[in-house]
Every structure is written in structure tokens, then in C-alpha cells.
Number of protein chains: 4
Amino acid sequence: MAGVNKVILVGNLGQDPEVRHLEGGASVATFSIATSDSYTDRDGNRQTQTEWHNIVMWRGLATIAEKYLKKGSKVYIEGKLQYRSYEKDGVTRYITDIVARDMQMLDSRQDGQSNNGGYVPPTAANAPAAQPTSTPTPAAATPQATPDLSGAEGKDDLPF
Amino acid sequence: MAGVNKVILVGNLGQDPEVRHLEGGASVATFSIATSDSYTDRDGNRQTQTEWHNIVMWRGLATIAEKYLKKGSKVYIEGKLQYRSYEKDGVTRYITDIVARDMQMLDSRQDGQSNNGGYVPPTAANAPAAQPTSTPTPAAATPQATPDLSGAEGKDDLPF
Amino acid sequence: MAGVNKVILVGNLGQDPEVRHLEGGASVATFSIATSDSYTDRDGNRQTQTEWHNIVMWRGLATIAEKYLKKGSKVYIEGKLQYRSYEKDGVTRYITDIVARDMQMLDSRQDGQSNNGGYVPPTAANAPAAQPTSTPTPAAATPQATPDLSGAEGKDDLPF
Amino acid sequence: MAGVNKVILVGNLGQDPEVRHLEGGASVATFSIATSDSYTDRDGNRQTQTEWHNIVMWRGLATIAEKYLKKGSKVYIEGKLQYRSYEKDGVTRYITDIVARDMQMLDSRQDGQSNNGGYVPPTAANAPAAQPTSTPTPAAATPQATPDLSGAEGKDDLPF
DNA sequence: TTTT
DNA sequence: TTTT
């Protein structure tokens with residue numbers, strides 16, 4: 001009954017999002033993004049450490065991910081940490097997911113065009129806050145990640 | 001057409017929240033909180049710099065602020081920066097607000113009790129996520145701050 | 001003597017950074033960046049509200065800003081809120097700055113190249129964490145603050 | 001070669017910090033903190049989901065953790081995600097750590113006093129930002145977590 | 001394993 | 001104007 005659990009990432013997708021459409025109508029997108037840290041070690045050498053984060057997006061965000069994200073895309077993601085485990089071959093595996101609730105595409109529109117040769121609808125490509133537009137319909141659960149009512153932030157305010 | 005505008009604060013209220021109930025039914029709470037920074041100046045002296053932030057809470061968050069926050073309360077606030085200006089005596093004044101969308105009370109219940117001698121209803125005192133419970137009905141505007149449907153996060157999800 | 005004062009922004013520069021080199025050897029870069037919020041008003045019309053943030057960068061960050069940022073550049077900025085005022089014509093003006101302590105350039109290198117025709121040194125352009133290299137002596141810190149309780153964000157999902 | 005990897009948590013320690021003093025002189029504190037999420041399930045029942053986060057603190061932060069944190073303490077933590085793995089019984093185990101670079105104690109001094117009956121030195125108790133005091137010298141690594149140059153925040157600011 |  |  002307490003707490004703040006917030007993750008903020010900016011990184012690039014390691015592969016195209018994998019999207020599953022659940023029975024209840026909800027969809028989930030999963031993919032990983034890399035963030036890198038540079039530092040100078042005790043010998044004065046420049047080192048880079050890369051971390052790969054498992055991202056999970058539900059519903060509206062999943063739809064946007066499916067449409068607009070692909071391997072290499074740079075994104076801003078805000079979400080929360082969620083830990084889960086499962087049994088496999090008698091061994092328990094532990095997984096850490098970042099369940100997104102806000103996402104921003106950080107590739108310039110030009111890049112998108114030059115990269116995939118396709119036309120990217122301005123409204124979508126520019127979509128400032130890629131948050132679920134569809135209602136967070138309580139969806140079918142899946143064994144691996146929990147539904148998020150994602151993308152609530154900001155979408156709601158009226159300026160006056 | 002894009003962007004992230006996020007503020008995260010932990011500080012103490014400088015005064016009791018001031019709450020206004022608007023015609024449309026919405027309410028707004030305003031107050032300021034202090035955050036302090038310490039650093040050592042070039043003369044080796046310890047210095048503290050305190051910043052006072054204007055907080056604006058709408059609807060459900062305003063109600064919670066009215067009920068549970070008071071001068072001295074320590075809070076965690078997540079929100080966004082919003083700038084506004086108004087004319088007064090022929091001079092334009094500029095104001096910066098942090099419009100909250102999530103709030104956490106950081107005073108222990110014991111403290112509350114010892115401070116005000118009153119009983120704090122567990123359900124309320126414990127309110128884990130002090131987010132607006134009332135629906136973010138687009139509310140009546142005010143000349144000075146824009147309504148935020150604040151506290152949207154998380155409030156929406158159903159786990160399945 | 002306590003607190004968290006953190007701002008996270010992703011936006012585009014409204015103009016080239018203005019850099020001043022101070023007597024002591026330090027330099028400061030200032031510029032503004034825009035973040036936009038979209039929402040649907042009560043008439044169902046799509047509205048956008050743009051906020052312009054004053055950014056201040058010191059020392060190493062100022063140098064990087066001077067070299068690599070220009071009007072239109074997209075950046076991630078982490079910093080803190082700082083308020084100041086000054087007298088002008090007998091009127092006190094209030095200013096809100098975001099003093100950066102981390103910056104990330106979010107334009108693809110290709111973009112940079114095509115935009116300014118210049119070669120962007122990989123080490124700099126890629127610099128993952130453009131943080132001040134020079135440093136005011138980190139001083140002794142010690143901790144502690146007050147009560148707490150709360151529990152807000154993300155309170156929503158279920159793991160399966 | 002770029003990225004943001006940031007975690008912000010507010011939660012309570014599940015046990016006293018475990019501190020190890022390494023040969024090189026550095027120390028590491030590890031402990032876990034809980035954050036909880038509440039939501040209403042489809043049957044209208046209030047549910048809580050708790051996540052346990054592994055926290056790693058180096059050097060100065062470790063020292064502060066050792067001195068001031070204990071089971072039940074409420075803290076604000078800012079850090080980064082770091083993944084590691086190790087072999088055990090022929091099975092590879094994966095661990096996710098949050099390497100802290102800023103920490104704030106959120107328990108009131110009064111609470112601390114009543115809890116442990118001890119006197120909390122004001123200078124220490126008041127320390128606003130519990131950041132590593134020791135220089136971020138790339139330190140001896142340990143098999144399980146990489147050194148963090150933690151405690152960068154604020155180190156650069158000049159108030160003017 | 002914590003908190004409320 | 002708060003906190004420590």
C-alpha cells in the first residue's frame with residue numbers, strides 16, 4: 001500500500017516488436033531496447049556497458065508499437081518494473097519486465113521515410129504522446145505480463 | 001508536436017492547501033512545497049538553496065489534498081510544468097505551476113495522529129495512490145490555471 | 001534540508017544555444033525547448049498546448065551544447081527547477097529555469113550530417129550521457145528526512 | 001551508444017542492508033525494497049501487487065545505508081537498471097539490480113528516535129541528498145555488480 | 001522480506 | 001512559507 005515504481009528509458013529496439021492478440025481483444029507487444037553507459041575504467045580506457053530491457057506494452061500502446069516501431073527505432077519509454085517467474089525443465093526462471101505506460105517515438109519522420117521507404121502518416125508519425133487511445137478494456141490475461149492501463153498520462157487534460 | 005514534460009518532487013508544504021470549488025463541480029487545490037539543495041561553495045562553506053514550487057491539483061487530487069495535506073506535510077509529487085501569465089496593474093506577471101498527476105503522502109500515520117490528535121481513517125490515510133477518484137470531467141476553466149485531469153495514471157487499469 | 005527536485009524533458013530547441021564564457025573559466029549555455037501536449041477538448045476538437053522551458057547548462061554541458069545543439073535539435077534533458085527574479089524598470093520579474101545535469105541528443109547522426117554538412121565526431125555525437133565533466137567538489141553528504149506513507153503510481157496491474 | 005536508464009522508487013526495506021567492504025576499500029550495500037500497487041479487479045475486489053526490487057549501493061551511499069537504513073525504512077531511490085547472471089549448479093540465473101545513485105530517507109527523525117531510541121546526529125540526519133561522498137573512482141568491480149560513478153546530481157551547479 |  |  002505504498003510506493004513509487006517508475007522507470008524511464010531512452011534506447012533503441014533490438015528487434016521488431018512481437019505482437020500477440022489475445023482472446024479478450026487486448027493485444028500485447030513485447031520487445032527489448034538497449035541503453036548504453038560509457039565510463040572510463042581505472043586504466044583510463046573508455047568502456048561501454050549496454051543493458052537490454054524487456055518492454056511490455058498493452059492495448060493501445062501495443063497497437064502503436066506494432067504499427068510504428070521496428071528494429072532500431074529509438075524510443076522514450078516510461079513504465080514500471082514488474083518481476084515474474086516461470087518453470088521450465090524443472091528450473092525456475094526469473095524475468096524482469098518494464099510495463100510501459102507512455103511511449104514517444106524519437107526517430108525523425110525523415111528517418112522513417114528513408115528507412116522503410118514508406119509513407120508515414122503525419123498524424124501518426126508525429127504523435128507526440130503515443131498513448132493508448134483505445135480504452136483499457138480489461139483484457140485476457142497472459143502468463144507473461146500483466147495488462148497495463150497504460151498511457152494515461154497527459155492524455156486527459158484540458159488546458160482551461 | 002512531441003515531448004516529455006515531467007516533474008518529480010519530494011518536499012514539504014509551506015502552508016495548508018487552498019482549495020476552490022468551481023462551478024462545474026471540479027475543485028482545484030494550490031499550495032507550494034519546498035525542496036532544498038545543499039552544496040559546498042568555493043570557500044568550503046556549506047550552503048543550502050531552497051526552491052519553492054507552486055503545485056496545482058485538480059479534481060480528485062484536490063479533494064485528497066484538502067483532506068489530508070497541511071502545512072508541513074511531506075509529499076511526493078509527479079506532474080508537469082505549465083507556464084501562465086496575467087496582467088496586473090499594467091504589468092504582465094509570469095507564473096510557473098507544476099500540475100500534479102500523482103501524489104504520495106510521505107508522512108507516517110503516527111505522525112499525523114500525533115500532530116492533529118485526530119483519527120485518520122485507514123482507508124483514506126492509506127490511500128496508496130492519491131489519484132483523482134472522481135472522473136476527470138472536463139471542468140470549468142479558471143483564469144489562472146488549466147484543468148488537468150490529473151492523476152490519471154494507473155487509475156484505469158484492470159488487471160485482466 | 002531534504003527533497004527531490006527533478007525535471008525530465010524531451011523537446012526541441014527553439015533557437016541556437018546562447019553561450020557565455022565567464023571570467024572564472026566556466027561557461028553557460030541557455031536556450032529554450034518546447035514540449036507539446038495534445039488533448040481533445042469538450043467539443044471533441046484536438047488541441048495542442050505547447051510549453052517553452054528555459055534551459056541552463058553549465059561547464060561541460062554548455063560546451064557540448066555549443067558544439068552540437070542548434071535550433072530544432074531534439075534533446076532529452078534531466079535537471080532541476082530553479083527560480084530567480086530580477087528588477088527591471090522598477091518591476092520585479094520572475095524567471096523559472098531548468099538547470100540541466102544530463103543531456104542526450106536525440107537526432108540521428110544521419111540527420112545531423114545532412115542538416116549541417118559537417119562531420120560529427122562519433123565520440124561526441126554519440127556521447128550517451130553528456131554530463132558535465134568539470135565538477136564542483138562533491139561534498140560530504142548525509143541523509144535523512146521525514147515521515148511517510150503513501151502509495152501511488154502504477155497501482156494498477158496484475159502480473160499474469 | 002546512447003540512452004537513458006533511470007529508475008525512481010519509493011518503498012520500504014524488507015530487511016536490514018547487507019554491507020560488504022571490498023579489498024580496494026570500496027563498500028557495497030544490498031537490500032530489497034517493496035513497492036505496492038493497488039487496483040480493483042474485475043470482481044470489484046481490491047487487490048495489491050507488491051514488487052520487490054534489489055537495490056545496490058556503492059561507496060558513500062553504502063556507508064550511509066549501513067548507518068541509517070534498516071528493515072522497514074522508507075526511502076526514495078534514484079538509480080539505473082543493471083542485469084547480471086551467474087552460474088549455479090549448472091544453471092544460469094538472471095538477476096536484475098537497481099544501482100542507486102541518489103537516496104533520500106523518508107522516515108521522520110521522530111520516528112527514527114521512537115523506533116530505535118538512539119540519537120540521530122543532526123548533520124547526518126539532515127543530509128538532504130545522500131549521495132556518495134567518495135569520488136567516483138572507477139573501483140574494483142565485483143562479480144555481481146558494476147561500479148557506479150554514482151552521486152553525480154547537483155555536483156555541478158552554481159547557484160547563479 | 002516491507003509498509004498501510 | 002516547509003523541513004532537517
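- Spacing between atom CG of B/L9 and atom P of F/dT2 amounts to 18 Å, rounded to whole angstrom units.
- Atom NZ in D/K70 sits about 10 Å away from atom P in E/dT3, given to the nearest Å.
- Residues A/D97 and A/N54 share a closest heavy-atom pair of OD1-CB, 3.5 Å.
- Between the C1' atom of E/dT2 and the NE2 atom of D/H53 lies a distance of 11 Å, rounded to the nearest Å.
- Distance from the side chain of B/A34 is smallest to F/dT2 among F/dT1, F/dT2, E/dT1.
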Yes or no on salt bridge (Lys or Arg N to Asp or Glu O under 4.0 Å) for B/E78 and A/K6, after CA distance, side-chain angles and deciding distance?
-> CA-CA 11 Å; B/E78 185 190 332; A/K6 183 170 293 294; 3.0 Å; yes
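- For the pair B/D37 CG and F/dT3 C1', the interatomic distance rounds to 14 Å; values are reported in whole Å.
- Distance, B/M105 CE to F/dT2 P: 21 Å, rounded to whole Å.
- The nearest whole Å value for the distance from the CG atom in D/N12 to the P atom in E/dT1 is 16 Å.
- In terms of phosphate contacts, B/K74 brings no side-chain nitrogen or oxygen within less than 4.0 Å of OP1 or OP2 of F/dT3.
- If you check the side chains of D/T35 and D/E51, you find no donor sitting under 3.5 Å from an acceptor.
- Atom CD1 of D/I77 is separated from atom P of E/dT2 by 17 Å (rounded to the nearest Å).
- Nearest to the side-chain atoms of B/S32 among the listed nucleotides F/dT3, E/dT1, F/dT1 stands F/dT1.
- No engagement by B/I33 is indicated, since no non-hydrogen atom pair under 4.0 Å with the nucleic acid exists.
- The aromatic ring of D/W52 does not sit over the base of E/dT2, since the test of centres under 5.5 Å and planes under 30° is not met.
- Rounded to whole Å, the distance from CG on B/D16 to P on F/dT1 is 15 Å.
- There is a side-chain donor-acceptor pair under 3.5 Å between B/S32 and B/Q15.
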